[in-house]
Amino acid sequence: MNTALFRFINSGAKNPFLDGFLPVFSDKDYVVIPGIVALGLMLCFGGRRARMCVFALAIALLIADAGSEKLIKNFFAEERPYRQLEDVNVYRGNHWEVYTPSALDERQSNAFPSTHAANIAAIAVALGLFYRRSLWGTIPVMLLVGLSRVYTGNHFPADVLGGYVWGGACGYFLAMAVPRVTRRVWGEAPERAVPAPMPKERKAFLWLLGAWCLLNYGFLFMNVFDLAGDEAQYWDWSRRTALGYYSKPPMVAYVDGIFAGAGGNKEWSLRSGALLFTAGGLALVYALTQRIAKSDRAALIAAGAAMALPATWAGSVLMTIDPLLLFFWALAMYTFYRAVNGENAMWWWTGLALGLGMLSKYTMLFLYLPFAAYLVIHDRKRLRTSGPYIALFISILCLSGVIYWNWKNGWVSVVHTVSIGADSKRSAARAVKQFLEYFGAQAGLVSPIVFGGFAWAMWRCGRRFLQSRDAAYLFLCAMTVFVFYAAVALTRPPQANWPVTAYIAMAVAFGWLWSERPRSSAMRKTLAAGLALGCVLGIAPRCSGLLYAAGAEGPREDRLYLAGRAIDPDRDPTNRLRGARELGAALSKHLVGAAELDPFIFSDRYQLTAQSAFYTKGRPRTYCMNSGDRRFNQYDLWGGWDKLIGRDGLFVTGGDEVRANLYISGMVQAGAFESGEVLEIVKVWRGKTLIKTYTISRMHSYKGANWNPSVEKY
């Protein structure tokens, strides 16, 4: 019966929908990050019962997992289905295979009981005994996990049933024992006064933030977009932990390493960091506004305005340095405000927030200026206390590793940061054009109506600058960075995200000043329209695939034809998030999986170098050549070319065969390789539109070229 039921589930019930749906419940990576976040929230915001629940869950999981893997499985030593039966459908490595007992299988784990089933049963039972209503969610998930282990060919139904019994027993024992031990050691919980009811605006914010997080997590799980070049680069940095990196501080690499370790090397797990840090930043906007305005209504408006920004929607699903910077910027603003209002312990937290922000992006340096200006103008007596200097010392201490790394590497980060965007072609007309582009980009970054509201809030804060400490504080935190980058835009081409940190203070100021008095119906409708427009602008790029699905055929395959108009796909920024998977799949076909036999992979651009590393099977180390016509990058610091002499290489570049042949002839003439030829042209399509072309070339016998990077291009 056990075998017959297995055959029915594994083969008889097999269909395309279940092939895509059930493997998700067999992948523990999908639950580790959300689970840790949920337990963290319970510890931070729950009471004694919640803390007991977390403790019981942790111990129950540890016993269920270790007991299953180390004791029970070794005792029974039951083999898995694909070692006993012919033609078992097995899901492994993100694809389905038909296994037989003769097929090579490197896994040594036994079958009985299912550890997946034991772990989820321990969670369901322990959590259910503390919170009965949770069973409505945990029981269906538990059943789906068990079903998925049979459907994916990893366990017999009896293995799953045994896991349920073992894990359920662990969960039940710990859920019953932990409260009793707690009462015996710490006594009964003291009587507490009935807490005041939570303001309805705060409830609304928590529900809104929760729904926003779930919506974004759903989008991340859909895995619509590939990693951008910079995202892939930061992931590659995380594989080589260091005190610093060429173009950025190391925090983004550390965060990527943590989330990749928790959720695996997947796009959604890496981008979970962006979502969680952005959500934390929104919560800090709410908290700071509530303290300044003494109004949860004002806090809800401020957080809602910040949440509606297109920049927030983008930052929540792209793991760049900006989500980290925004979170620590908001945290520093919040702790500094509490510090100058009498909470001296907050100076320590302010220093830590500033230091971690500097480890995220050097733009954090601009927050020191408004803090210092505020103290000089409105709170000079505070400069005679130790608090500000403690904060300064802690922040510098956090940065000491980066300073040491730069000292050892010729201060490359400093030189690079100073030279970013340098433009030798200067003129009055060009300066005016760049200045206008800067403001136009900001209107798009925050949406036009909300941008107007923020400008109004800054004007009101400016008028109250000398009379109101809070108005001066917000004005300085916003306008210092905004005005600085407006001036920079006169000398070099602007980037839209330059002053993004200014909008934290602007959102707080807007929520505070808007709520000072009742607003007319027309103004409320205008605000609602502005927030809705911001959300639409933020969500629209995620739906860009609908345009390509509706596109018609035309005379050029590299154009999107809509309503009779030809549109260049290069104008669509979401196309930067496409093509890396196709490139990785193409590269994987030319590898056999043995490092000593496979050619090494290299490119002329760091973006392609990093994307090739992430999406090629086995995630090999990749290299970025420097023929002297590009900027310095982190791959130049890593080097490693001297160990590749004599090996063949797979050269990846964008463009067609003509461009690739120019590179091939150049490398051969320079004596870098003996010869080379184009292997494959990789075309990336969206609907009927060709959006990208990559070329993969095989270069024979690397000779050890002297690819020294240009010291003039940082």
Side-chain angles (χ1 to χ4, degrees), residues 21-22 24-28 30-65 114 116-149 160-161 163-183 186 188-218 220-221 272 275-276 279 283:
F21 177 68
L22 284 180
V24 172
F25 294 91
S26 277
D27 192 343
K28 63 180 178 60
Y30 283 100
V31 299
V32 172
I33 294 174
I36 292 174
V37 172
L39 294 179
L41 292 174
M42 290 176 68
L43 285 174
C44 291
F45 301 106
R48 183 173 181 175
R49 185 183 185 190
R51 290 191 288 272
M52 289 192 299
C53 179
V54 171
F55 185 68
L57 281 172
I59 301 300
L61 268 174
L62 179 63
I63 295 175
D65 188 271
S114 166
H116 282 72
N119 290 343
I120 190 62
I123 293 172
V125 172
L127 193 60
L129 289 173
F130 280 97
Y131 301 99
R132 296 292 175 88
R133 292 182 180 179
S134 67
L135 293 172
W136 290 101
T138 55
I139 293 299
V141 172
M142 183 180 76
L143 295 176
L144 286 170
V145 169
L147 179 62
S148 73
R149 298 306 289 164
V160 173
L161 182 60
Y164 284 158
V165 172
W166 166 243
C170 294
Y172 179 83
F173 175 78
L174 266 298
M176 300 300 292
V178 167
R180 295 181 182 180
V181 173
T182 301
R183 286 193 295 268
W186 286 285
E188 296 290 340
E191 293 288 336
R192 293 192 301 174
V194 178
M198 183 181 295
K200 62 180 182 180
E201 293 87 356
R202 197 174 305 173
K203 286 184 179 179
F205 170 71
L206 293 175
W207 278 104
L208 182 64
L209 184 62
W212 182 83
C213 287
L214 288 175
L215 176 65
N216 281 295
Y217 251 124
L220 292 181
F221 287 152
S272 293
L275 176 56
L276 295 175

Open item on the list: Whether the side chain of Y172 engages the backbone of G167 through a donor-acceptor N/O pair (distance < 3.5 Å, no angle test) should be reported.
Closed with: no
- [ ] Compare every heavy atom of M176 with every heavy atom of P179, then report the nearest pair and how far apart it is.
- [x] CD-O, 3.7 Å
Task: Interatomic distance, C213 atom SG to L276 atom CG [nearest 0.5 angstrom] - done: 7.0 Å
- [ ] Decide side-chain contact (heavy atoms from CB on, under 4.5 Å) for F173 and V125; before the verdict, give the C-alpha distance in whole Å, the side-chain angles of both, and the deciding distance to 0.1 Å.
- [x] CA-CA 10 Å; F173 175 78; V125 172; over 6 Å; no
Open item on the list: If you apply the rule side-chain contact (heavy atoms from CB on, under 4.5 Å), what do you find for L206 with K203, and how did you get there?
Closed with: CA-CA 5 Å; L206 293 175; K203 286 184 179 179; 5.9 Å; no
Open item on the list: Looking at every heavy atom in both C53 and Y131, which two are closest together, and how far apart are they?
Closed with: SG-CE1, 3.9 Å
Task: Heavy-atom closest pair, residues A118 and A64 - done: O-CB, 4.1 Å
TODO: Would you sort out whether S272 and Y217 count as a side-chain contact (heavy atoms from CB on, under 4.5 Å), showing the intermediate values?
DONE: CA-CA 8 Å; S272 293; Y217 251 124; 3.3 Å; yes
Open item on the list: Let me confirm one number: the CD1-CG distance from I123 to L61, rounded to the nearest 0.5 Å.
Closed with: 4.5 Å
Open item on the list: For L220 and N216: C-alpha separation, side-chain torsions, deciding distance, then whether side-chain contact (heavy atoms from CB on, under 4.5 Å) applies.
Closed with: CA-CA 6 Å; L220 292 181; N216 281 295; 5.5 Å; no
Open item on the list: Within the structure provided, determine whether V145 and Y164 are in side-chain contact (heavy-atom separation under 4.5 Å).
Closed with: no
Open item on the list: Rounded at 0.5 Å granularity, tell me how far SG in C170 sits from CD1 in I59.
Closed with: 11.5 Å
Task: L209 CG to W212 CH2 distance, which is reported to the nearest 0.5 Å - done: 7.0 Å
Open item on the list: Just verifying a value: how many Å separate L135 CG and M142 CE, rounded to the nearest 0.5 Å?
Closed with: 9.0 Å
Task: Atom pair CG/CD1 of L144 and I120 - distance to nearest 0.5 Å - done: 10.0 Å
